[in-house]
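Down below is the structure, laid out as structure tokens.
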Amino acid sequence: MRRLYVVLGDQLDLESVLDEAFDPAQDALWMAESEEEARRTWSHKARIVYFIAAMRHFREALRQRGMPLHYRQADYATESSSLAALLAADIQRLKPQQVVLMRPGDWHVRETLRAAIEACAAACIEREDPHFMTTPEQFADWAQGRKSLRMEYFYRELRRKHALLIDADGQPEGGRWNFDADNRAAFGADGPGWVPEPETFEPDAITREVIAEIEAHYADHPGSTAHFDWPVTRDQALQALEDFVDQRLASFGHFQDAMWLGQPYLYHSRLSAALNLHLLNPREVIEAALASPARHQSLAAVEGFVRQILGWREYVRGLYWLRMPGWLEENSLQAEQPLPSFYWNGETDMACLADALGQTLKFGYAHHIQRLMVTGLYALLLGVRPHEVHAWYHAVYVDAVEWVELPNTLGMSQFVDGGVLASKPYVASGAYISRMSNACRECRFDPRLAEGESACPITTLYWDFLDRHQARFENHPRMRMQLRNLARKDVSERQRIRAQAQQLRDSV
Ligand code: FAD
């Protein structure tokens with residue numbers, strides 16, 4: 001054999017995996033379901049189902065096209081093997097002269113696969129992943145020499161470079177680069193009213209078989225597969241994209257940060273997993289948004305959506321490759337608490353957390369503000385060990401792949417890097433949750449109170465966080481207001497809050 005082309009479970013797009021040199025007479029594709037990968041993080045069952053079901057559908061598509069493929073299906077009867085061990089065994093067996101690897105999305109996977117290929121004395125050709133709009137090298141060039149890195153400036157460069165939402169005179173469409181200020185609305189007392197249901201996908205025979213396998217072999221893993229309705233093929237992903245753009249995009253921006261109990265999806269796209277597995281390409285997602293009538297109904301919505309894909313998604317990936325593996329070791333706030341066990345079962349009296357955790361375990365999904373300002377916020381305020389928070393986020397979401405999960409969790413949500421990704425910690429009291437959702441109305445805790453039986457634990461921990469980290473942030477211009485409010489509390493009140501926060505920590 002001349003070349004073996006590795007296709008990882010999150011690289012399911014033939015056009016990007018193959019290069020012009022691919023010759024089916026001499027080359028072949030290689031895919032493997034690695035049990036160790038599923039167990040390396042204690043994955044939600046729906047997350048494992050998503051990956052395996054999408055891979056098996058992709059295998060079918062390759063077979064129908066008559067592509068030469070070596071596919072290793074999970075063999076539950078034997079010892080679980082790592083991806084690297086499976087690849088090494090097949091390199092020994094097939095003896096390719098070269099192994100073509102498209103840059104894996106996970107630092108550890110990349111290291112171990114490259115080492116395995118080298119150990120087998122095969123030549124490794126690594127290709128850049130064309131599914132992204134920037135390469136890690138381009139990002140590193142952009143970052144070089146900058147005192148601080150901010151997504152906004154990176155995003156503006158990409159807007160200019162790709163001429164997206166740019167007027168003929170080179171200015172941002174609508175006169176502004178950023179419509180963030182228009183995109184923070186809450187639903188108000190009556191709630192969201194009718195929201196178009198997202199398109200869902202009934203599991204077919206292939207997916208049903210995968211669900212049965214996962215239920216049998218990963219019975220002790222968290223989460224449910226009973227509600228699995230994600231797009232697992234390219235056609236389904238395109239349908240989901242069209243549905244989002246037609247039905248929900250126009251309201252996406254305005255209600256981007258809003259939450260409502262029992263409404264997991266609201267105006268969000270549910271496209272992250274399809275994007276991360278390469279069933280969709282970010283360029284086509286952006287093009288679909290720009291071509292939609294929503295652009296004329298609400299430029300703020302369309303710009304807000306483009307900013308998530310072109311801005312945040314590319315930015316966190318660039319930072320991931322710039323900062324790995326060191327990011328994993330950082331802990332700027334010296335957080336040393338264990339993750340509360342209710343993160344794994346949703347059993348808590350806090351209505352906002354119970355709702356976000358409940359839907360996470362049910363569907364493998366929570367939208368951004370739930371991840372950042374509910375589950376992430378609580379872990380940050382409590383002071384949970386960053387690697388436990390990272391392990392949890394990596395496990396429980398169907399879209400969790402490390403290059404995007406890790407920067408969001410460790411950088412944006414837990415501030416482990418002391419301000420590289422986020423300029424300040426995302427901290428808020430229960431008042432924020434009360435403003436952005438109806439959770440506090442249904443909760444036994446009062447978001448206004450930091451002390452006493454009815455005090456909202458988030459509010460208690462918020463003041464305690466400011467108190468504990470006051471010295472560190474006192475000169476931070478964007479935290480001045482929060483610290484000024486803390487200073488209004490007298491010494492004895494601060495002591496009582498500290499004691500109540502400690503009780504919360506002790507009860508974990
Ligand atoms: P929408 O709200 O519809 O947004 C549209 C798209 O924009 C998303 O599909 C996604 O591709 C992209 N996007 C939005 N926000 C971000 C962001 N902050 N970083 C990168 N891309 C973004 N996203 C993942 O894809 N995988 C993860 O494992 C993941 N872990 C996260 C962990 C934490 C602690 C936080 C705060 C965020 C995380 N995100 C992750 C980012 C974001 O929350 C999800 O992309 C989003 O909630 C997915 O739902 P959606 O497709 O409906 O997104």
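Just the heavy atoms: all of them, side chains too, but no hydrogens, waters or symmetry mates, feed the values below. One-based numbering along the sequence shown. Note that ligands are numbered from 1 as they come in the structure, with each ligand's atoms numbered from 1 the same way.
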Contact atoms of ligand 1, heavy-atom distance to A366 under 4.0 Å: 47 (O)
field: Options H367, R47, R313, ranked by nearest heavy atom to atom 11 (O) of ligand 1, top entry
entry: R313
message: Can you tell me which portion of F305 lies within the under-4.0 Å heavy-atom range of ligand 1? Options are side chain, backbone, both, or neither.
response: side chain
message: For E137, give me all partners under side chain to side chain donor-acceptor pair (under 3.5 Å), at least two apart in sequence or on another chain.
response: R103
query: What part of F244, side chain from CB on, backbone N/CA/C/O, both or neither, has a heavy atom under 4.0 Å from ligand 1?
result: neither
message: What protein heavy atom lies closest to atom 25 (O) of ligand 1? Include the residue and the distance to one decimal.
response: N276 ND2, 2.8 Å
message: For F255 and Y267, take the angle between the two ring planes, folded into 0 to 90°, and tell me which bin it lands in: parallel under 30, tilted 30 to 60, perpendicular over 60.
response: parallel
task: State which residues pass salt bridge (Lys or Arg N to Asp or Glu O under 4.0 Å) with E330; sequence neighbours excluded, sorted by chain then number.
output: R323
- line: From the list F179, F305, Y265, ring-ring contact (aromatic ring centres under 6.0 Å, His included) partner of F252 resolves to F305
message: For ligand 1 and S413, I'd like to know whether there is a polar contact (N/O to N/O, distance under 3.5 Å).
response: no
field: ligand 1-proximal atoms of Q308, by part, heavy-atom distance under 4.0 Å
entry: both
- prompt: Which heavy atom of the protein is the closest neighbour of atom 30 (N) of ligand 1, given with residue, atom name and distance?
  reply: R371 NH1, 3.5 Å
- line: Note: Y265, heavy atoms under 4.0 Å from ligand 1, region reported as neither
message: Out of all atoms in ligand 1, which are within 4.0 Å of some heavy atom of L275? Include the element for each.
response: 11 (O)
field: Nearest non-hydrogen protein atom, atom 45 (O) of ligand 1
entry: S272 CB, 3.9 Å
- prompt: Any chance the side chains of H390 and E405 put a donor and an acceptor closer than 3.5 Å?
  reply: yes
Y315 to ligand 1, any heavy atom closer than 4.0 Å: no
- prompt: How close does the nearest protein non-hydrogen atom get to atom 23 (N) of ligand 1, and which residue and atom is it?
  reply: V404 CG2, 3.6 Å
task: If you have a sec, work out which protein heavy atom is nearest atom 2 (O) of ligand 1 and how many Å separate them, to one decimal?
output: H268 ND1, 2.7 Å
Charged tip of R270 within 45° of F244 ring normal and under 6.0 Å: no
- prompt: Looking only at distance, does L271 have an N or O less than 3.5 Å from an N or O of ligand 1?
  reply: yes
query: Quick one: does NZ or CZ of R317 land under 6.0 Å from the six-membered ring centre of F132, within 45 degrees of the ring axis?
result: yes
task: Examine the proximity of ligand 1 to T375 and report which part, side chain or backbone, both or neither, has a heavy atom under 4.0 Å away.
output: neither
- line: The closest protein heavy-atom partner of atom 47 (O) of ligand 1 is H368 N, 3.3 Å
- prompt: How many angstroms lie between atom CZ of F465 and atom CH2 of W463, to the nearest 0.5 angstrom?
  reply: 13.0 Å
- prompt: Under 3.5 Å between some N or O of ligand 1 and some N or O of W312?
  reply: no
- prompt: What protein heavy atom sits nearest atom 19 (N) of ligand 1, and how far away is it?
  reply: N408 ND2, 3.0 Å
message: Just to verify, which of D246, L238, V245 counts as forming a side-chain contact (heavy atoms from CB on, under 4.5 Å) with E242?
response: D246
Least distance between heavy atoms, R307 atom then D180 atom: NH1-OD1, 2.8 Å
message: Using a plain distance cutoff, I'd like to know if D399 has any nitrogen or oxygen under 3.5 Å from a nitrogen or oxygen of ligand 1.
response: yes
- prompt: When the ring centroid of Y378 is compared with that of Y462, is the distance short of 6.0 Å?
  reply: no
field: Nearest protein heavy atom with distance in Å, relative to atom 6 (C) of ligand 1
entry: I309 CD1, 3.6 Å
query: Are D106 and R110 close enough for a salt bridge, meaning some N to O gap below 4.0 Å?
result: no
